[in-house]
Amino acid sequence: MHKPAAPSPRTRIRRLPDRAHYDSETIASIVDAAVVCTVAFQIDGAVHAIPTNHWREGPYLYIHGAKASRMLKALTEGDACITIALVDGLVLARSAMHHSVNYRSVVIYGRFEIVGDPAEKHRSLRALVDGLYPGRWDTLRPITEKELNATSLLRIALAEA
């Protein structure tokens with residue numbers, strides 16, 4: 001069976017490349033299994049890496065936050081790198097230098113875009129809440145227009161992962 005190639009040189013795995021998978025199903029399964037991702041970006045030449053909640057819809061990873069967030073502003077102005085790791089087990093060996101960790105991870109590169117349409121924001125935020133707690137959205141008071149306007153919703157394509 002032919003495995004898909006890395007979508008870009010910066011996503012190509014160099015050490016143990018036979019373990020790499022670049023297909024959308026593998027990427028989606030890891031993104032969906034995790035609740036937190038780490039988003040790396042630059043502000044004024046300084047690199048930052050911030051853990052944040054995420055969710056996936058189709059070929060996009062979504063994050064949200066306060067409209068005034070420096071991070072969210074920076075993510076729409078420059079490239080980002082998002083990492084997700086799931087630890088599946090610890091590998092213990094007779095030698096300290098042969099201990100290891102079994103894990104699955106995804107690294108995503110690109111630039112976030114703003115989701116500005118209020119109906120799309122509302123629908124996507126519902127997907128976030130119901131993804132974490134199925135059925136929870138219907139038990140909550142409705143989001144106000146003020147709350148929706150104060151929230152930025154960003155998405156990044158999973159094309160370069």
Side-chain angles (χ1 to χ4, degrees), residues 1-88 102-134 136-137 143 145 147-161:
M1 181 176 151
H2 173 72
K3 287 172 63 169
S8 72
R10 63 183 174 177
T11 60
R12 186 173 61 83
I13 302 299
R14 289 161 181 79
R15 181 160 160 43
L16 303 172
D18 57 315
R19 292 187 178 184
H21 297 273
Y22 304 102
D23 62 283
S24 59
E25 295 82 19
T26 299
I27 292 165
S29 71
I30 295 169
V31 171
D32 292 349
V35 176
V36 174
C37 65
T38 300
V39 181
F41 56 97
Q42 285 192 357
I43 295 178
D44 299 328
V47 178
H48 304 271
I50 307 294
T52 191
N53 179 240
H54 73 275
W55 67 101
R56 183 187 65 84
E57 294 183 73
Y60 294 96
L61 177 139
Y62 288 79
I63 63 172
H64 76 295
K67 204 169 244 182
S69 166
R70 288 183 337 138
M71 176 181 84
L72 297 185
K73 185 174 187 292
L75 291 174
T76 62
E77 295 175 351
D79 282 350
C81 176
I82 300 90
T83 60
I84 298 169
L86 302 171
V87 174
D88 296 321
N102 287 334
Y103 67 94
R104 293 170 288 144
S105 66
V106 171
V107 177
I108 304 157
Y109 294 96
R111 184 170 292 188
F112 280 90
E113 62 185 9
I114 296 172
V115 177
D117 176 60
E120 178 69 11
K121 282 173 69 174
H122 190 271
R123 186 203 57 71
S124 192
L125 291 169
R126 179 182 184 139
L128 162 65
V129 172
D130 279 342
L132 292 171
Y133 309 100
R136 177 87 173 133
W137 186 268
I143 290 179
E145 186 176 332
E147 289 171 328
L148 199 58
N149 287 337
T151 302
S152 287
L153 178 64
L154 303 183
R155 71 181 189 178
I156 189 169
L158 298 174
E160 191 180 0

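Residues Thr52 and Cys37 have side chains in contact (heavy-atom distance under 4.5 Å, counting atoms from C-beta outward). Using a 4.5 Å heavy-atom threshold, the side chains of Leu125 and Trp55 count as touching. The closest side-chain heavy-atom distance from Glu113 to Tyr60 is below 4.5 Å. For the pair His21 and Arg104, the minimum side-chain heavy-atom distance is 4.5 Å or more.
Rounded to the nearest 0.5 Å, atoms CG (Asn149) and NZ (Lys121) are 6.0 Å apart. Distance check: Ile114 CD1 to Leu154 CG gives 6.0 Å after rounding to the nearest 0.5 Å. Note that CD1 of Ile50 is 11.0 Å distant from CG of Leu72, once rounded to the nearest 0.5 Å. Taken to the nearest 0.5 Å, the OG1 atom of Thr76 stands 11.5 Å off from the CD1 atom of Ile156. In this structure, Ser152 OG and Leu75 CG are separated by 10.5 Å, a value rounded to the nearest 0.5 Å.
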Side chain to side chain contact (heavy atoms under 4.5 Å, CB included) between Val106 and Leu61, worked out: CA-CA 12 Å; Val106 171; Leu61 177 139; over 6 Å; no
Chi angles and distances behind the side chain to side chain contact (heavy atoms under 4.5 Å, CB included) call for Arg111, Asp79: CA-CA 5 Å; Arg111 184 170 292 188; Asp79 282 350; 3.9 Å; yes
Chi angles and distances behind the side chain to side chain contact (heavy atoms under 4.5 Å, CB included) call for Ile43, Met71: CA-CA 8 Å; Ile43 295 178; Met71 176 181 84; 5.5 Å; no
Arg155 and Glu57: CA distance, side-chain angles, deciding distance, salt bridge (Lys or Arg N to Asp or Glu O under 4.0 Å) verdict: CA-CA 9 Å; Arg155 71 181 189 178; Glu57 294 183 73; over 6 Å; no
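Between Trp137 and His122, the two ring planes are perpendicular [angle over 60°; tilted spans 30° to 60°].
Here the closest non-hydrogen pair linking Ala161 and Tyr22 is O-CD2, 3.9 Å. The shortest heavy-atom contact between Ser124 and Leu153 is CB-CD2, 3.7 Å. Contact detail for Leu86 and Ala33: the closest heavy-atom pair is CD1-CB, 3.6 Å. In terms of heavy-atom proximity, Asp130 sits nearest to Arg136 at OD1-N, 3.2 Å. Across Asn53 and Ile63, no two heavy atoms sit closer than the pair O-CG2, 3.6 Å. Minimum interatomic distance between Glu120 and Tyr62 (heavy atoms only, all atoms of both residues): OE2-OH, 4.0 Å.
For Ala66, the side chain to side chain contact (heavy atoms under 4.5 Å, CB included) criterion is met by no residue, not counting sequence neighbours. Take Ala40 and apply the side chain to side chain contact (heavy atoms under 4.5 Å, CB included) test, not counting sequence neighbours, and it matches Ala49, Cys81.
Remark: Arg10 CZ is packed, more than 12 non-hydrogen atoms of other residues, nucleotides or ligands lying under 6.0 Å away. Residue Arg70 places its CZ atom among 12 or fewer non-hydrogen atoms of other residues, nucleotides or ligands, all under 6.0 Å distant. Atom CG of Asp44 sits in a sparse spot, with 12 or fewer heavy atoms from other residues, nucleotides or ligands closer than 6.0 Å. Heavy-atom contacts from other residues, nucleotides or ligands closer than 6.0 Å to CD1 of Ile143 number more than 12. The environment of Glu145 atom CD is sparse: at most 12 non-hydrogen atoms of other residues, nucleotides or ligands sit within 6.0 angstrom.
Residue His54 is tested with Ile82, Val31, Ile108 for a side-chain contact (heavy atoms from CB on, under 4.5 Å); the sole match is Val31.
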